[in-house]
Amino acid sequence: MSERVLVNQLKSLPAGPVEVSGWVETVRDQKKVQFVVLRDETGAVQLVNPATRPSEDVEQDAEALELTETIGALATGTFLTVRGELKHDERVKLGGVEIKVGELRVAASANPETPIAADSSPDKRMDWRFLDLRQRRNNLIFRVQTTLEHAMRSYWVERDYIEIHSPKLMASPSESNAELFEVPYFEDKTAYLAQSPQFFKQMAQVAGFGKIFEIAPAFRADPSFTSRHATEFTSIDAEISWIDSHEDVARMQEELLHTAFQAVADKHGAEIQELFGVEVEVPAVPFPRIPLAEAREIVAARGYDIPRTDGDLDPEGERQIAAHVRETFGHPFVFITDYHPEIRAFYHMRDEETGLTKSYDLLFNGVEITTGAQREHRVDVLIEQAKEKGLDPEHLDFYLDFFRFGAPPHGGFGMGLARVLMLMLGESSIREVTYLFRGPTRLAP
């Protein structure tokens, strides 16, 4: 490989010969001078070339003529490598440096007509996502995602958690028969794409792993077209043993998020402010906690009547309680706790005194990003709770077997990565923060 220099390294280098590679963002072909803005994965730099034009009066240098013609014909998006002289000049608005072109090699030309523009619709941009992602703003999204995930992994690894990779092909549903993608399997069998790693996270507790995490795909055959739903998404999951209640899980999660948000603010805060116009708010610990019944009363007092009949909050109810928390506590997060068993999974443990589940939802800026709970680890109780939900225990045998040979008290959570990024950056849809979005009507590119 050649000694390629990244754009963000140029300012720290002395003036002199340098080689950079990237794609053409803009070309200004003036009579006496040509300017090209070249962008790579780290930033943009201005290239400058004194134009050499054909003349009948003066014999021109053939190489200089060819370079001028090549630059004049460059289309936006062309990938190329440039060797030239790096100059430091504070008058140059783009980073205070520029490169005088000496040699230019085109790696791959681009079609002159770009299929998308700044005002293209979201669907059109998603059709041409590989071009849409060339924007500095979109590039930053995935740098933020990388930092966020790395900080969470570091938090867990430093505390002796084990990372697992659970299977995404399952012989039976992971939680319920709803929202499942069926996949033809060998010998006329049917497999299912995993809705979550829930059962396998719990299996790790029974296996004696103690504390585990996973960041991996999950699949939901949910025909929703909202700004926060997808048919394939990245789920952030953790599970821990020897807990006293769901409060132990909540404490771990709030520490995790505080650590991860701090890492993003430290590394990308200024650039996020510049490109997204939002400040990364590092959440103070502990997060506010409000029981569901009290949350519904607060929402009603704010003048909103929740239309749901199952006792849960709807999206507007979530926004209303989040507004209350912001006004009262100045906090972007809130745990809503103590859910009725009817609106929770059969494996959520129930409080013996209240009959409510030892579970929570975590809201971030008015949107649910997490469900967490203490799990029921007593097999006889699990069987009864499954029957109450209309589930046939025989269909859950592989799961129930986990608990027939001993299990520790345990609990955990699942959190949607795209929702966290969307809300952190103030975006309107998870489509904008998902590398390649998958929904009911989108399977490409």
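Everything numeric in this text was worked out from a predicted model, so none of it was measured.
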Evaluate the criterion side-chain hydrogen bond (donor to acceptor under 3.5 Å, both in side chains) for residue pair Q135 and N139; output intermediate values, then yes/no.
CA-CA 6 Å; Q135 299 177 59; N139 181 286; over 6 Å; no
Mind running side-chain contact (heavy atoms from CB on, under 4.5 Å) on M424 and V264 for me, showing each step along the way?
CA-CA 10 Å; M424 174 190 283; V264 170; 3.8 Å; yes
Taking the ring centre of each residue, are F287 and Y360 less than 6.0 Å apart?
no
Looking at [Y] and [X], is any side-chain nitrogen of the basic one under 4.0 Å from a carboxylate oxygen of the acidic one?
X: K100; Y: E85; value: no
X: R153; Y: E163; value: yes
X: R4; Y: D40; value: yes
X: E69; Y: R53; value: no
X: R326; Y: E281; value: yes
X: E90; Y: K11; value: yes
X: E318; Y: R419; value: no
X: K87; Y: D89; value: no
X: K201; Y: D237; value: yes
X: R143; Y: E271; value: no
X: E25; Y: R39; value: yes
X: E214; Y: K168; value: yes
X: E247; Y: R289; value: yes
X: D338; Y: R344; value: no
X: R125; Y: E432; value: yes
X: E41; Y: R136; value: no
X: D127; Y: R442; value: yes

Does [X] [atom1] have over 12 foreign heavy atoms under 6.0 Å away?
X: F209; atom1: CZ; value: no
X: E294; atom1: CD; value: yes
X: Q273; atom1: CD; value: yes
X: F181; atom1: CZ; value: yes
X: Y185; atom1: OH; value: no
X: H88; atom1: NE2; value: yes
X: E103; atom1: CD; value: yes

Check: [Y] and [X] side chains under 4.5 Å, non-hydrogen atoms:
X: Y192; Y: E182; value: yes
X: E368; Y: P315; value: no
X: Y155; Y: R159; value: yes

Assess the residue pair R134 and W23 against the criterion (side-chain contact (heavy atoms from CB on, under 4.5 Å)); give the C-alpha distance rounded to whole Å, side-chain angles, the decisive distance to 0.1 Å, and a yes or no.
CA-CA 9 Å; R134 288 182 183 175; W23 65 91; 3.8 Å; yes
Using the ring pair (Phe, Tyr, Trp, His ring centres under 6.0 Å) rule, take F402 and F200 through it: C-alpha gap first, then chi angles, then the decisive distance, then the call.
CA-CA 10 Å; F402 300 163; F200 297 117; 7.2 Å; no
Go through the steps for T147 and F142 under the test side-chain contact (heavy atoms from CB on, under 4.5 Å), then give the verdict.
CA-CA 9 Å; T147 299; F142 297 97; over 6 Å; no
Tell me whether the guanidinium CZ or amine NZ of R28 lies under 6.0 angstrom from the six-membered ring centre of F35 and within 45° of its axis.
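Output yes; distance and angle both within limits.
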From CA spacing to verdict: salt bridge (Lys or Arg N to Asp or Glu O under 4.0 Å), R137, E427
CA-CA 12 Å; R137 194 172 186 270; E427 288 293 90; 3.0 Å; yes
Take V367 and R228 through the side-chain contact (heavy atoms from CB on, under 4.5 Å) test and state the conclusion after the steps.
CA-CA 9 Å; V367 177; R228 58 182 185 173; 3.4 Å; yes
Donor-acceptor side-chain pairing of D314 and Y304 below 3.5 angstrom
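D314 vs Y304: donor-acceptor pair found between side chains.
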E316 vs Q320, side-chain hydrogen bond (donor to acceptor under 3.5 Å, both in side chains): CA-CA, chis, key distance, verdict:
CA-CA 6 Å; E316 179 58 28; Q320 288 290 333; 2.9 Å; yes
Passing option when H268 is tested against L425, L148, L140 for side-chain contact (heavy atoms from CB on, under 4.5 Å):
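The residue from L425, L148, L140 that satisfies side-chain contact (heavy atoms from CB on, under 4.5 Å) with H268 turns out to be L140.
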Result of checking V325, T337, L363, T328 against I290 for side-chain contact (heavy atoms from CB on, under 4.5 Å):
V325
Stepwise side-chain hydrogen bond (donor to acceptor under 3.5 Å, both in side chains) test for S245 and Q374:
CA-CA 6 Å; S245 76; Q374 179 171 6; 5.4 Å; no
